Amino acid sequence: MLRRIGLLVLAALLFVPGVASAEEELRPDLGMAPLSDVKVTTSPAGQQQLRFSATIVNVGRGPFEVEASRVSVDAPFRVVQRVSRADGSRADVGVPAGLVYGGDGHDHWHIRDLETYQLVRLDGGVVSVAAKAGFCFYDTNSYRRSLPGAPRSKVYSESGCGDRGSLTVTMGLSVGWADRYASTLPDQFVDITGLPDGHYRLIATADAQGHFTEADRTNNATWVDLSLTSRKGRPSVRVLAHGPAA
């Protein structure tokens with residue numbers, strides 16, 4: 001009799017909201033933190049660049065982990081996302097994401113288009129997109145330690161991004177952690193050369209292609225509204241408003 005009661009209690013717990021079943025996926029939830037450090041610079045070649053710092057975050061229940069492997073340095077990478085389960089196991093999910101080698105001073109592998117940036121006029125129409133096409137991601141900053149499962153220290157590091165000869169690379173974002181790309185990094189800008197004065201919106205989106213498994217896609221983007229002006233050929237920017245962030 002006691003055994004039967006115990007089994008009934010266990011079965012009931014499996015259906016209580018907030019109590020995970022053994023097979024339940026603990027999915028990551030990608031998003032963007034507020035954009036910061038917005039400024040205009042001019043390159044030595046005369047290109048006018050809208051620079052900014054962007055931070056991709058994981059506010060889900062499980063880590064965001066991606067592994068890419070290949071059989072030789074001449075072969076293409078096969079990319080899988082490792083999705084954690086409540087019982088401690090993981091499911092490998094094949095994804096169509098591609099890798100690109102960052103030979104711009106990063107010297108490691110990037111996931112293509114993990115983050116995308118667009119500059120649009122507030123009255124409509126895309127006017128520019130970012131030069132940066134790939135990102136290596138790992139724990140750089142604690143973002144929300146109050147989340148269940150958020151580790152106190154970094155789990156994923158830059159070394160997981162490998163080098164040109166790597167056959168396997170593993171990138172990830174822990175629960176409650178973020179990867180910040182500073183405005184000073186190569187290609188972390190949008191080209192605004194010749195752009196007329198006006199009001200614009202800079203939009204940053206995590207996984208705009210929808211390649212990866214996550215808990216919620218409605219919080220993947222953030223934005224900042226800007227006023228761009230130019231005096232005597234020297235552009236300047238003023239932040240007008242910030243959009244919602246993860």
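None of these values were measured; they are calculated from a predicted model.
The nearest pair of heavy atoms linking Leu26 to Arg61 is CD2-NH2, 3.5 Å. Contact detail for Ser69 and Thr168: the closest heavy-atom pair is CB-OG1, 3.9 Å. Annotation for Asp139 and Lys154: closest pair O-CD, 3.4 Å, computed over non-hydrogen atoms. Summarising the geometry of Pro96 relative to His211, their closest heavy-atom pair is CG-ND1, 3.2 Å, with the distance given to 0.1 Å. Across all non-hydrogen atoms, the minimal contact from Ala208 to Thr116 is CB-OG1, 3.5 Å.
A centroid separation of 6.0 Å or more is found between the aromatic rings of Trp177 and Tyr143.
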- [ ] With salt bridge (Lys or Arg N to Asp or Glu O under 4.0 Å) as the test, would you mind laying out the steps for Asp87 and Arg85 before giving the verdict?
- [x] CA-CA 5 Å; Asp87 63 1; Arg85 294 189 179 119; 5.6 Å; no
Task: From CA spacing to verdict: side-chain contact (heavy atoms from CB on, under 4.5 Å), Leu226, Val239 - done: CA-CA 5 Å; Leu226 311 167; Val239 174; 3.9 Å; yes
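Counting heavy atoms from C-beta on, the side chains of Tyr200 and Ser128 never come closer than 4.5 Å. Looking at heavy atoms from C-beta onward, Tyr156 lies in side-chain contact with Glu65 at the 4.5 angstrom threshold. When side chains are defined from C-beta on, Leu99 counts as touching Ile111, because their heavy atoms get closer than 4.5 Å. Residues Val40 and Leu228 have side chains in contact (heavy-atom distance under 4.5 Å, counting atoms from C-beta outward). A heavy-atom distance below 4.5 Å is found between the side chains of Leu119 and Leu195. Proximity of Val73 to Leu167: side-chain heavy atoms (C-beta onward) are separated by under 4.5 Å at one or more points. Annotation: side chain of Gln49 is not in contact with side chain of Ser183 (no heavy-atom distance under 4.5 Å). Taking the side chain as every heavy atom from C-beta outward, Phe135 and Met171 never approach each other to under 4.5 Å.
We find the CG-NE2 distance between Asp225 and His199 to be 9.0 Å, quoted to the nearest 0.5 Å. Within the model, atoms CD of Glu115 and CD1 of Ile56 stand 4.5 Å from one another, a figure rounded to the nearest 0.5 Å. Between the CZ atom in Arg51 and the CD atom in Gln188 there is a gap of 8.0 Å [rounded to 0.5 Å]. In this structure, the separation between CG on Asp107 and OH on Tyr101 is 4.5 Å, given to the nearest 0.5 Å. Interatomic distance, OH of Tyr138 versus OG of Ser157, reported as 8.5 Å (0.5 Å rounding). Note: Leu147 CG to Ser174 OG = 11.5 Å, rounded to the nearest 0.5 Å.
Relative ring orientation between Phe137 and Phe64 is described as parallel, the plane-to-plane angle staying below 30° on a 0-90° scale split at 30° and 60°.
A donor-acceptor pair shorter than 3.5 Å can be found between the side chains of Arg180 and Ser53. Residues Thr229 and Ser236 bring a donor and an acceptor atom of their side chains to less than 3.5 Å of each other.
Screening Asn58, Asn219, Asn220 for a side chain to side chain donor-acceptor pair (under 3.5 Å) involving Asp29 leaves a single residue, Asn219.
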